[in-house]
Amino acid sequence: MSQKLKGQVAIVTGASKGIGAAIAKRLASEGASVVVNYASSKQGADKVVSEITAQGGKAIAVGADLSKKTDIEKLFAESKKAFGRLDILVNNAGIFDFQPLENVTEEHFQKHFNLNVLGLLLASQAAAKQFGSEGGNIINISSVVSKLAPAGGSVYSATKAAVDAITKSLAKELGPRRIRVNSINPGMVATEGWRSAGIADSDFHKTVLAATPLGRIGEPDDIAGAAVFLASRDSSWLSGETITIAGAYPY
Ligand code: NAD
């Protein structure tokens, strides 16, 4: 079977677990060499790398806190040193802590915006510098909350609304350089972050599950196929779009 991303190089941020890990493995199975970024879980990133290499793929793990510009520069420098080119950036690293208005603090706001928005912008800036004359692909992992904006999650929803705006703006700005920019907006997906945020088995989980026509919440692999589609020539004239993947949940 021919591989859709053969010879290409991808950086996936926050790829030690959850949605990022599934995307990293799927891009590698399509022939891309993958930089598996992690913030703290070296063990998780090493496991993703060894799963990729066991299948005959190429990958390295690089630690970098995506809310820090110096770390972002280090990530892109190490990627260039290892693989020499860049074709795909998946801006997946993100945090989600649903808090009601009375719990919003400067720290809560800055933590979310520094990673989910500023980190995504600075990583996109670094990628745009490294993409070659043939262009590149930026895939932002947004969320259905960017439009749904559920009660008790104003800050997180605002970060993802910002991501959708950035997707559209950068698609226009970078299009002339043949750089495509799209977002994937997942509904509720069972990940480590989803569990540690206390959403598993909560009323929020039960309500979403009951209202999801496809009868289940998502798995990380449900998102990975769309990343391959957006990174490949199958979507060659698609840019500036947000693709909702949510089992027909009525967002
Ligand atoms: P997760 O917590 O399971 O994984 C998050 C990943 O990001 C981890 O690899 C973690 O190490 C990394 N990360 C966290 N802080 C980082 C930092 N400062 N620098 C670099 N990496 C960092 O989360 P997930 O559920 O897989 O979420 C991944 C993305 O998908 C996020 O952007 C999230 O907002 C989005 N999303 C998740 C859901 C869901 O229901 N799980 C739904 C919609 C969107």
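Counting starts at 1 for both ligands and their atoms, following the listed order.
Distances shorter than 4.0 angstrom do not occur between any heavy atom of Ser41 and any atom of ligand 1. Within the structure, ligand 1 has Ser142 among the residues with a heavy atom less than 4.0 angstrom away. For Thr13, the heavy-atom gap to ligand 1 stays at 4.0 angstrom or more. Contact between Arg195 and ligand 1 is absent, with no heavy atom of the residue lying under 4.0 Å from the ligand.
Near Met188, with a cut-off below 4.0 Å to any heavy atom, the atoms of ligand 1 are 40 (O). For ligand 1, the atoms sitting less than 4.0 Å from at least one non-hydrogen atom of Ile141 are 29 (C), 30 (O), 32 (O), 35 (C), numbered in the order shown with element in parentheses. Remark: ligand 1 atoms within the under-4.0 Å shell around heavy atoms of Ile19 are 26 (O), 30 (O), 37 (C).
Polar contact with ligand 1: present for Asp65 (N/O pair, distance under 3.5 Å). In terms of polar-atom proximity, defined here as any N/O pair under 3.5 Å, Trp194 makes no such contact with ligand 1. For a threshold of 3.5 Å applied to N or O pairs, the pair formed by Asn92 and ligand 1 contains at least one separation below that value. Taking distance alone, with nitrogen or oxygen atoms compared against 3.5 Å, Phe96 stays at or beyond that limit from ligand 1.
By the 4.0 Å N-to-carboxylate-O rule, Glu107 lies too far from Lys111 to be salt-bridged with it. Salt bridge Glu73/Lys69: present, at least one basic N to carboxylate O contact under 4.0 Å.
Contacts with ligand 1 closer than 4.0 Å are made by side-chain heavy atoms of Asn37 only, the backbone lying farther away. Contact annotation: for Leu115 versus ligand 1, heavy atoms closer than 4.0 Å belong to the side chain alone. Contacts between Ala64 and ligand 1, counted as non-hydrogen atom pairs separated by less than 4.0 Å, involve the backbone only.
The aromatic rings of Phe96 and Tyr156 lie tilted to each other, with the angle between the two planes from 30° to 60°.
Residue Arg180 comes nearest to Ser235 through the heavy atom pair NH1-O, 2.7 Å, listed as atom of the first residue, atom of the second, then distance.
Of all the listed residues (Gly18, Gly193, Pro186, Ala93), Gly193 holds the heavy atom that lies closest to atom 2 (O) of ligand 1. Comparing Gly187, Ser143, Pro220 by heavy-atom distance to atom 42 (C) of ligand 1, the nearest is Gly187.
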